[in-house]
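Right, one structure below, let's go through it.
The chain is numbered in sequence order, starting from 1.
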Amino acid sequence: MIFLKTAFCSGGNSLFPPAVKNNVLLSVQIFDGTYNQLYLSTDTKMTVNNLKDDWSYDTKMNAVFDTSLDAGNSGFSLRNTDHIVIRRREYGTAKWTVVYVKKAENISDFNIQFIDKYARSGINYEYSVSSFVNGVENSYLVNNVYSEFDGYYITDKDCLYGTIYNVDNCDTSRAATGKLVELLNSKYMSVVSGSQLNCESGSITGSFFQIDEATGKLMQEDGLNYRSALKNRLANKKPLILKVDDGRIWMIRVSGDVRDSANKHRNLRDISFEWVEIGDVNDMQALYRNGFSDVDSRWW
């Protein structure tokens, strides 16, 4: 569009900021023309000649009018992102753990809902959401999240069972194997250890039932189905994550029978079992190998 020998946005003063009350721009209107791009920035030194599609901290709106009226940076972000990565670390520590990776192929892939079921209780975490392209991180955001819960939880990638009722103290023992050896030239015993075994084992008990929140009454059939599903999961010989509200957490396997006993009422049932620690919950390789995470070796 040419008016008085001046093209839209090509005059010497066309990029000067408009007079706006309190320096706040509330709306922009363009009409009666054909437009390829609308670009708003707080960079007052910008000229038409150095207008780019790249986003910076000064960019506020960039609508290229290609296939939509989107003026945000989602289109630009998609062109510069092939994976979205979420990492976690305890506040004050240096080591990040990659807890989620998603391939970005469409704008809708930026809409992410992620529940971190392996976070400890009573811990302040830092979570980082990063954009990666060709294995290189190009942008990220960091936020703090405080994790807290009551009782204990038994979980893996596909299930989550928890209770706050009649839970015990989850007593544990630390394996420190060794063989006693009598020496001919010493009055003291000697202990020989033939392995690096250093893990915990224990037992845990809690009541699992369902309550109608409206009436406060026990839901007998729902509680029966819930306990049955829990017992099936405990007995299927696959690894689990066990975490307690005092901050303890383990990667475990059930090592004994799963017991279901009445606690003073036939519908108030205690589930108890013994377990042994099989890996480190902060080890990404162990999480992947035991089926807790889909994050493969590319991100370890």
Side-chain angles (χ1 to χ4, degrees), residues 77 80-105 109-149 152-162 170 172 174-175 195-202 204 233-234 236-255 275-300:
S77 297
N80 292 274
T81 301
D82 53 31
H83 287 87
I84 302 164
V85 178
I86 299 178
R87 295 173 294 187
R88 178 195 67 210
R89 69 181 177 186
E90 295 185 15
Y91 185 81
T93 63
K95 182 180 179 181
W96 288 99
T97 300
V98 178
V99 295
Y100 181 86
V101 175
K102 183 177 183 179
K103 191 173 183 180
E105 298 178 328
D109 292 329
F110 289 104
N111 184 15
I112 297 174
Q113 292 183 344
F114 170 71
I115 299 176
D116 186 4
K117 295 188 291 185
Y118 310 145
R120 298 197 293 139
S121 179
I123 302 297
N124 192 20
Y125 285 103
E126 284 185 309
Y127 283 86
S128 166
V129 181
S130 303
S131 166
F132 276 78
V133 59
N134 297 324
V136 178
E137 185 179 29
N138 54 40
S139 64
Y140 66 92
L141 295 172
V142 177
N143 209 340
N144 292 343
V145 177
Y146 184 72
S147 171
E148 186 177 34
F149 58 85
Y152 63 73
Y153 281 89
I154 304 161
T155 183
D156 63 13
K157 187 174 63 175
D158 302 313
C159 74
L160 180 67
Y161 298 94
C170 191
T172 64
R174 172 76 64 164
S195 72
Q196 296 181 354
L197 187 64
N198 182 15
C199 62
E200 291 194 331
S201 60
I204 197 164
R233 178 61 189 90
L234 292 172
N236 72 358
K237 303 176 179 61
K238 293 183 179 181
L240 287 162
I241 298 292
L242 171 63
K243 56 183 188 177
V244 186
D245 55 12
D246 59 11
R248 292 178 294 166
I249 186 171
W250 304 272
M251 184 186 300
I252 69 166
R253 275 281 304 272
V254 176
S255 59
W275 56 268
V276 61
E277 186 179 16
I278 63 168
D280 183 358
V281 295
N282 295 313
D283 183 349
M284 290 187 288
Q285 184 175 354
L287 290 170
Y288 179 79
R289 186 177 62 247
N290 288 285
F292 295 112
S293 172
D294 294 324
V295 179
D296 59 28
S297 58
R298 175 181 176 182
W299 307 99
W300 296 347

| Does anything in residues 130-147 pair up under salt bridge (Lys or Arg N to Asp or Glu O under 4.0 Å), and if so which pairs, sequence neighbours excluded? | R87-E137
| query | Is there any salt bridge (Lys or Arg N to Asp or Glu O under 4.0 Å) pair reaching into residues 277-292, and which pairs are they, with sequence neighbours excluded? | reply | none
| Can you list the residues that meet the ring pair (Phe, Tyr, Trp, His ring centres under 6.0 Å) rule with W299, with sequence neighbours excluded? | H83, F132
| For Y152, which residues count as a ring pair (Phe, Tyr, Trp, His ring centres under 6.0 Å) partner, sequence neighbours excluded? | none
| Residues two or more places apart in sequence or in another chain: which of them pass salt bridge (charged side-chain N to carboxylate O under 4.0 Å, His left out) with R89? | E126
| Listed partners of D116 passing salt bridge (charged side-chain N to carboxylate O under 4.0 Å, His left out), at least two apart | R88
Under the rule for side-chain hydrogen bond (donor to acceptor under 3.5 Å, both in side chains), what residues qualify as partners of [X], not counting sequence neighbours?
X: R120; value: E90
X: W250; value: E200
X: N198; value: R174

Counterpart residues, side chain to side chain contact (heavy atoms under 4.5 Å, CB included), relative to [X] (two or more places apart):
X: L197; result: A175, T177, S195, C199
X: Q196; result: none
X: E148; result: S121, Y146

